[in-house]
Enquirer: 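Got a structure here, written out as structure tokens. Questions coming.
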Amino acid sequence: MTIDVAARSSVGARLADLEISRAWLVDPASGREGPGELVVEDGVLVAVTWLEGAEADGIDASGVVVAPGFIDLHAHLREPGNEDAETVATGLAAAAHGGFTTVCAMPNTTPALDEPSVLARVREAAAASGSPVKLLAYGAVSAGRAGEQLAALGELADAGVVGFSDDGAPVRSATLFRNALAYAGMLGLPIVDHPEDPTLTEGAEANDGLIATVLGLRGWPAAAETGSVARDLAILDDVLRDVPGARLHLTHLSTAASLDLVRGAKAAGLPVTCDVTPHHLALTEEWLAGARRWSWEALGDDGAARDPWRDGVIAAVPFDPAVRVNPPLRSAVDAGACLAALADGTADAIATDHAPHTEVDKAVEFGQAASGISGIETAIGVILAAVDASRLPLARAIEALTTGPARVLGERSPGGPQPRGLVEGQPADLVVFDRSAMWRVTAGALASKGKNSPLLGRDLAARVLLTVAGGRIAYEAPDA
Ligand SMILES: [Zn+2]
């Protein structure tokens, strides 16, 4: 494989000239993957050649892979209000380093993105950053995310938000949720809910189960997610009678039971979509005890989670605040259910829930630490660990990062609900990564201000070499 960039140029510059030969192309839009070559001139993908026969000899999916740029449905960029944790500029740089060319920012900023002027500020920050990564944003469901009155959904829709969410928290009031689903449905936009019944999770620190019991942490029961998902689905079913355009997207589902509910709802024809995160599919609750193996390594042949103490796999100190996340890391069985849901299409997308935090907010007692993982840069490496372990086909993983989220976004996805993928004549929007190249996750290697990753010190495969967004350079590895 060779990559030939004519002249090294800076982030934001139009990609003048690029030739990639003898790589593995994955194009979910056409459903095709295989050996190929491509040429970019003046930002435009001018040639895509699929190789066959002798020309394809020696090229397989274990080396350099080229795919359409990833779309993240769920990221926290913290600006305005918490620029010590992340800014739009550092968030977009982190996204590009992770292979993402489109990022949907959550509105739980300070102030919340509950009216168009806040969206304008975020867009100004994106423009000022010089990054070509496309920034999309959700508006808040409720004014100030207070859960009391609807935000200005119509004005926000006119201003260009891609949906509505009170993420960080669920929409606690069923009545408010119902009204939001109906109103957003009339506007043609989805409600993105963070499913959690807060009456069951007050003070919760860890997944309710053996690990939490042994560690003495207060449990976050799976029922809090299942119950919330069941409520949302019941209300969706109800609202659809009046508003056929109502759409629900459930984000960061983490339990086998809630995914089963979505599976059933989809089979019944409800317009519901959902995503799972890299950490919920690959990490488990035993990381709180100090284990550091992948979820599939923690699953016994009997289908139950293995015991990390009996297995002697405690490799780090317990109570690492970096593994505190909401919803919490679950059991190996739940992580396996996230993978199964991706494989069978129940989960439409992989979303990172990138949640950068300052050192101050994380370096405290486990139960006091802010929830979240800075994960947009490690997502592809974590997902490909699952692919390497034969837990997920490569093509399906890429689909869940590209066409899957595009369909969730619908008409407001940059390329529309059916993106064209790796086709000639379009502005290049792609990521090039090397599955055979390891990189070490360190604070210095992360472009995000958030260094709160439980993967610090770990080597991940799938080093991103180049990210091109809208024909412009978003990220280029220093020695690519
Ligand atoms: Zn959330």
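One-based numbering, in listed order, for ligands and for the atoms of each. Numbers here are sequence positions counted from 1. The basis for the numbers below is simple: all heavy atoms, side chains too, and nothing from hydrogens, waters or symmetry mates.
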Enquirer: Within 45° of the ring axis of W294 and under 6.0 Å from its six-membered ring centre, is that where the NZ or CZ of R458 lies?
Expert: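 Yes.
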Enquirer: Need the atom name: nearest N/O/S atom of D167 to the Zn ion (ligand 1).
Expert: OD1
Enquirer: To make sure I understand the geometry: which N, O or S atom in H194 is closest to the Zn ion (ligand 1)?
Expert: ND1
Enquirer: Show your reasoning for whether side chain to side chain contact (heavy atoms under 4.5 Å, CB included) applies to F433 and L384.
Expert: CA-CA 11 Å; F433 56 89; L384 287 177; 3.4 Å; yes
Enquirer: Look at H74 and state whether any of its N, O or S atoms is less than 2.8 Å from the Zn ion (ligand 1).
Expert: no
Enquirer: I'd like to know: is the Zn ion (ligand 1) within the 2.8 Å range of an N/O/S atom from E196, strictly under that distance?
Expert: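 So E196 does not count as coordinating the Zn ion (ligand 1).
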Enquirer: Answer yes if the ring centres of W287 and H279 are under 6.0 angstrom apart, and no otherwise.
Expert: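 No.
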Enquirer: In Å and rounded to the nearest 0.5 Å, what is the OG1 to CD1 distance from T402 to I71?
Expert: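 CD1 of I71 is found 7.0 Å from OG1 of T402.
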